[in-house]
Amino acid sequence: MRVNRISRARRRAAFGLSLAALAAGATTGAGPAAAQPKAAAAPTPNCSAAYRIEQKLSTGTTWRMCWRFNGTAGVMLEDISYQPPGEAKPIKVLNSAKLAQIHVPYDDGDSEYNDITEYNFGNGLLNMKPAECPGGTIKTVKVREPAYSDSQDVKGLCATTRSRGHAYHMQTDPLNGGIGKTYQAQGKDLLLYTINKVSWYEYITEWRFSDDGTVSMNVGATGSLAPEDYDAGDGRGWPIGKGAKDYADSHSHNVFWRLDFGLDGSSKTRVEQYDSKVSPAAGDRGPTNKTTLTKVTKELAGDAKNMRWWRVVSGTGKNKDGHARSYELVPGATTKFPGRPFTAHDVYFTEYNKCEQYASGNLGACGAGHPKDVDKWVNGQSLTHPVVWMNVGFHHIVRDEDQQPMPVHWQGFSIVPRDVTAMNPLTPADLKGINGHVGRDS
């Protein structure tokens with residue numbers, strides 16, 4: 001349905017990687033070795049200069065990391081650290097982060113694709129022109145078997161900075177008349193992105209590293225609608241073009257990310273789940289809200305719920321207030337696809353296993369009989385080195401505006417620092433003494 005049949009045949013020939021190479025992840029280029037659990041944070045990323053990204057944003061925060069290329073997963077990020085103003089050394093956040101699957105099932109049940117593992121997503125990396133990376137640098141990526149480039153040297157990774165609007169705004173109460181003092185700052189992000197083509201679809205993989213410590217991961221789908229899709233006359237599609245002749249098939253994009261946390265340089269993190277319950281107002285009292293902590297000590301297939309959230313907590317590091325550092329998982333808008341067991345949950349926490357690399361159709365070098373999908377890896381094992389698998393879905397019911405080309409539709413999530421620093425890392429100098437209490441200007 002979605003895939004151009006001729007180009008698919010060519011792609012299968014061009015992507016003639018051996019099964020052994022696929023099982024090993026088909027890593028190409030001279031980047032660093034795969035991230036391994038580390039006992040202590042390194043002061044600089046563990047890679048050569050060509051594969052190192054270090055960006056100090058204008059607000060004073062510095063992000064450091066390594067990148068490498070994989071013919072299946074595309075550009076992957078490793079050894080990621082965050083150093084906001086006032087911190088003497090980098091704070092390690094992640095051992096590694098990558099796309100772990102783009103699962104695309106069609107509503108009519110005739111077609112279903114794993115775009116990462118079945119179509120060597122990484123090898124579909126596209127060249128970018130300078131205009132596509134405004135104010136930034138396009139890094140050259142060595143792609144051993146490029147699908148859409150005449151050269152193995154693909155100008156395919158944009159590194160730039162962007163403004164994101166207000167980081168904060170606060171106006172103090174006036175003293176002795178007047179209007180008070182206004183504090184405001186405009187936030188800045190380090191933005192990394194690639195564009196990978198899988199047949200008619202083109203995926204923009206975006207990583208945003210904000211000056212307040214937030215990391216946002218998004219995938220945007222664009223490109224073209226496949227002509228073969230204009231056959232949904234069974235009530236499962238939407239009319240495209242004049243009249244009601246061409247019905248485009250509706251389908252889902254279920255995107256998975258794999259995050260291996262290394263907070264404060266240690267993989268021995270723990271997972272916590274929080275649920276809040278609101279009770280109705282009683283008498284003169286308003287409604288009450290009680291929040292309960294559940295320690296996630298064993299592997300979990302988690303479902304998002306109103307007033308539920310999770311955090312990954314450092315096992316070794318604390319901020320200057322003596323509170324354990326952690327990162328909160330903040331899912332974006334999602335349409336959960338219940339048709340397959342591995343897409344039936346919003347998040348999976350599994351114990352680290354080097355061979356478990358992709359959320360479905362796993363290509364990691366696991367032993368015979370090892371399950372291929374992430375839901376099967378949740379089997380009661382204790383969590384000492386948890387790996388996070390986030391699943392964000394989008395049900396694409398095509399519209400007239402999707403042609404041609406298709407506007408980008410985004411899906412993703414964020415991880416947000418919780419107690420990583422003792423105060424807002426962007427606090428202006430004359431407010432740094434206000435920690436734990438509210439004072440007035442003098």
Side-chain angles (χ1 to χ4, degrees), residues 35-46 54 56-57 59-65 77-97 167-168 187 209-216 259-276 291-298 300 308-330 347 349 351-352 382-388 414-429 431-439:
Q36 297 296 322
K38 295 182 176 66
T44 57
N46 186 25
E54 181 171 332
K56 185 172 184 178
L57 298 167
T59 46
T61 292
T62 299
W63 282 97
R64 298 175 177 89
M65 66 200 70
L77 303 179
E78 298 176 337
D79 201 10
I80 301 168
S81 69
Y82 155 62
Q83 187 174 7
E87 292 292 333
K89 62 181 182 179
I91 300 167
K92 180 77 171 285
V93 179
L94 290 161
N95 293 325
S96 65
Y168 60 77
F209 299 90
S210 298
D211 50 12
D212 63 1
T214 298
V215 184
S216 299
L259 302 183
D260 179 5
F261 278 86
L263 283 168
D264 293 297
S266 174
S267 300
K268 292 186 180 300
T269 56
R270 65 182 187 271
V271 177
E272 297 178 348
Q273 176 178 307
Y274 290 83
D275 290 276
S276 298
T291 300
T292 303
L293 159 65
T294 301
K295 294 182 178 180
V296 181
T297 59
K298 296 184 182 299
L300 173 71
R308 168 178 289 173
W309 54 279
W310 296 273
R311 70 169 182 157
V312 179
V313 188
S314 173
T316 59
K318 295 182 179 181
N319 67 19
K320 294 175 183 177
D321 281 346
H323 302 147
R325 290 192 174 111
S326 72
Y327 262 82
E328 180 178 340
L329 307 181
V330 182
V347 62
F349 300 98
E351 178 65 7
Y352 176 86
S382 295
L383 289 176
T384 60
H385 177 177
V387 172
V388 178
S414 299
I415 59 172
V416 176
R418 176 171 285 275
D419 305 340
V420 171
T421 53
M423 297 181 67
N424 183 341
L426 306 180
T427 295
L431 296 179
K432 288 186 181 295
I434 305 175
N435 181 18
H437 66 279
V438 177

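Worth saying up front: this structure is predicted, and the values here are computed from it rather than measured.
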Check this for me, if you would: do Lys92 and Asp79 make a salt bridge, where the nitrogen-to-carboxylate-oxygen distance has to be below 4.0 angstrom? yes
Do the non-hydrogen side-chain atoms of Gln83 and Thr61 ever get within less than 4.5 Å of each other? no
May I ask you to decide if the ring planes of Phe209 and Trp63 are parallel, tilted or perpendicular, using 30° and 60° as cut-offs? tilted
Going by distance alone, is a donor N or O of one side chain under 3.5 Å from an acceptor N or O of the other, for Ser266 and Asp264? no
Tyr327 vs Phe261 aromatic rings, parallel, tilted or perpendicular, using cut-offs 30° and 60°? tilted
So, do Asp419 and Arg325 sit near enough that their side-chain heavy atoms are less than 4.5 Å apart? no
Could you measure the distance from the OG atom of Ser96 to the CD atom of Glu78? Nearest 0.5 Å is fine. 6.0 Å
Ala422 and Asp321: which non-hydrogen atoms are nearest, and at how many Å? O-OD2, 3.3 Å
Could you verify whether a donor N or O on one side chain and an acceptor N or O on the other, from Asn95 and Ser267, lie under 3.5 Å apart? yes
Do the side chains of Arg270 and Lys295 get nearer than 4.5 Å, heavy atoms only? no
Mind checking the CG-OG1 spacing from Asp212 to Thr421? Nearest 0.5 Å is all I need. 9.0 Å
Candidate pair Glu54 and Thr62, rule side chain to side chain donor-acceptor pair (under 3.5 Å), full reasoning: CA-CA 7 Å; Glu54 181 171 332; Thr62 299; 5.8 Å; no
Considering all heavy atoms, the nearest Ala324-Ser314 contact: CB-O, 4.4 Å
State whether the number of non-hydrogen atoms from other residues, nucleotides or ligands found under 6.0 Å of Lys318 atom NZ is greater than 12. no
Between Leu426 and Asp211, is a side-chain contact (heavy atoms from CB on, under 4.5 Å) present by the stated rule, with each step listed? CA-CA 8 Å; Leu426 306 180; Asp211 50 12; 3.5 Å; yes
Does a donor on one side chain sit under 3.5 Å from an acceptor on the other, for Ser326 and Arg311? yes
Can you find a pair of side-chain heavy atoms, one from Leu263 and one from Leu94, that are under 4.5 Å apart? no
Strictly below 4.0 Å, N to O, side chains only: are Glu272 and Arg308 in salt-bridge contact? no
Spacing of CD1 belonging to Ile80 relative to CD1 belonging to Ile91, to within rounding of 0.5 Å: 14.5 Å
